[in-house]
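For reference, the structure is listed below as structure tokens.
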Amino acid sequence: MSQIRYIAALLRLNLKSQMMQPRRYFWMALAMFLQNCVFFVMWPILMAKVQHIQGWDLSDIFKIFGVGAFAIGLNNLVADGSGMIAQKVLDGDLDTYLARPRHVLPQLALTQSNPSGLGDVLWGLMMLGLSGLSLEQWPGALLIGVCAAFIFQASVIAFQSLIFFLDVGGYFADQLEMVLLCLTTVPQHTQSLGMKFLMFSAVPAGFLALLPVEILRGHWEWLPVMVLAAACYMALAVWVFYLGLRRYTSAAGFMSRTG
């Protein structure tokens, strides 16, 4: 229970620090919202010509981008620090967190926020609204979005934790994250069987787009699978991070070993 209160306190301080500059916060969120609109504009034009992509129509494309943007935005808004784990290891900043009495991972993830995440969240909600969801479907859709956010956060933590095991720079984790983002924003049911296996395992884009869309199309019996996947991926990511952390002694010792 104390750990939950601690996480809540981190979130509260994180968001409070961002709101100290409300004008900057607003403009960054608005910029991301408009950027998403520009990026998405090709899809209505394309779907007006082809109508369907193997059974998926424009409303399904709205669902893909809605769930994806909501999940990614929620992560950037409250837990953007997880994307800096590898860089903090390389810069030696991790030692500061190790000296504190609390668990390292919540401090790393929840003490940095990206205001552009608010733009993603709002844009994702707008996309879900345009997809034609009924009022009764909205609670399930929000649950799916939160589960997708946990899966995306778990992926970022796992990718960033590779720095403990592989002699790679911080950009390697960023590249893996970009692969995940790219796979999330395409109709995945057109992929080969091998690619689908990859997208439901090591690079879980299938849980960020394909499965959420199928659930929102009416296959609500798959919702428990989504919830279970979120719990399993997060547990695996936490385990990988702390397993890697055991290999880390200090910045000097770690850099001499990897170098």
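A quick note: this is a predicted structure, and the numbers were derived from the prediction, not measured.
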inquiry  = Do Val213 and Val67 have side chains that approach each other closer than 4.5 Å (heavy atoms only, starting at C-beta)?
reply    = no
ask   = Between Ser131 (side chain) and Ser59 (backbone), is there a donor-acceptor pair under 3.5 Å?
value = no
For residues 224-233, dump all side-chain donor-acceptor pairs below 3.5 Å to protein atoms at least two apart in sequence or in another chain.
unit_1, atom_1, unit_2, atom_2, d
Tyr233, OH, Phe200, O, 3.4
Tyr233, OH, Ser201, O, 2.7

ask   = Would a distance-only check, ignoring hydrogens and angles, find a side-chain to backbone donor-acceptor pair under 3.5 Å from Tyr242 to Leu105?
value = yes
ask   = Are Leu180 and Ile72 grouped together when hydrophobic residues (ILVMFWY) are joined by side-chain heavy atoms under 4.5 angstrom apart?
value = yes
message = Distance check, rounded to the nearest 0.5 Å: Ser161 atom OG versus Leu166 atom CG?
response = 11.0 Å
ask   = Honestly curious: do Leu176 and Leu236 fall in one hydrophobic cluster under the side-chain, below-4.5 Å linking rule?
value = yes
note = On a heavy-atom basis, the closest approach of Phe241 and Val104 is CZ-CG1, 4.0 Å
query = At what distance, to the nearest 0.5 angstrom, does CD1 of Ile64 lie from CH2 of Trp56?
reply = 4.0 Å
inquiry  = Determine whether Thr111 and Tyr97 satisfy the following criterion, side-chain contact (heavy atoms from CB on, under 4.5 Å), listing intermediate values before the conclusion.
reply    = CA-CA 11 Å; Thr111 53; Tyr97 294 89; 4.2 Å; yes
ask   = For the residue pair Trp220 and Ala141, what are the closest heavy atoms and their distance?
value = CH2-N, 4.2 Å
query = What is the distance from atom OH of Tyr248 to atom CG of Leu94, rounded to the nearest 0.5 Å?
reply = 4.5 Å
task = Please examine the side chains of Val179 and Phe159, heavy atoms only from C-beta on, and report whether any two atoms are closer than 4.5 Å.
result = no
query = Who pairs with Asp60 by salt bridge (charged side-chain N to carboxylate O under 4.0 Å, His left out), at least two apart in sequence or on another chain?
reply = Lys63, Arg217
key: Same apolar cluster (I L V M F W Y, side chains within < 4.5 Å links), Val121/Met28   = no
message = Please find the pair of heavy atoms, one from Ala86 and one from Gln160, that lie closest to each other, and give the distance.
response = N-OE1, 2.8 Å
inquiry  = Using the rule that Ile, Leu, Val, Met, Phe, Trp and Tyr join whenever any side-chain heavy atoms are under 4.5 Å apart, tell me whether Leu125 and Met127 fall into a single cluster.
reply    = yes
message = Under the rule for side-chain hydrogen bond (donor to acceptor under 3.5 Å, both in side chains), what residues qualify as partners of Gln137, not counting sequence neighbours?
response = Ser134
Kindly list each side-chain donor-acceptor pair under 3.5 angstrom involving residues 203-211, sequence neighbours excluded, with atom names and distances?
none

task = Give the minimum heavy-atom separation between Asn76 and Gly117, together with the two atoms involved.
result = CB-CA, 3.9 Å
key: Hydrophobic cluster identity match, Phe65 and Met178, side-chain contacts under 4.5 Å   = yes
request  = Mind checking the CD1-CZ spacing from Ile85 to Phe164? Nearest 0.5 Å is all I need.
outcome  = 7.0 Å
query = Do side-chain atoms of Gln112 reach the backbone of Leu108 as a donor and acceptor pair under 3.5 angstrom?
reply = no
query = What distance do Leu118 atom CG and Leu74 atom CG have between them, rounded to the nearest 0.5 Å?
reply = 10.5 Å
request  = Would you indicate whether Trp138, at its atom CH2, is surrounded by more than 12 heavy atoms from other residues, nucleotides or ligands within a distance under 6.0 Å?
outcome  = yes
note = Minimal heavy-atom distance between Ala237 and Ile157, with the atoms involved, is O-CG2, 3.8 Å
Side-chain donor-acceptor contacts of residues 145-154 below 3.5 Å, not counting sequence neighbours, with atom names and distances?
unit_1, atom_1, unit_2, atom_2, d
Gln153, OE1, Ser82, OG, 3.0
Gln153, NE2, Asn75, OD1, 2.5
Gln153, NE2, Ser82, OG, 3.3

key: Interatomic spacing from CE in Met126 to CZ in Phe62 - rounded to 0.5 Å   = 8.0 Å
message = Let's go through Leu162 and Val240 carefully: what are the C-alpha distance in whole Å and the side-chain angles of both, what is the deciding distance for side-chain contact (heavy atoms from CB on, under 4.5 Å) to 0.1 Å, and is it a yes or a no?
response = CA-CA 9 Å; Leu162 292 176; Val240 170; 5.9 Å; no
Pairs of donor and acceptor atoms involving the side chains of residues 29-49, under 3.5 Å and at least two apart or interchain, shall be tabulated with distances.
unit_1, atom_1, unit_2, atom_2, d
Asn36, ND2, Met32, O, 3.4
Asn36, ND2, Asp120, OD1, 2.6

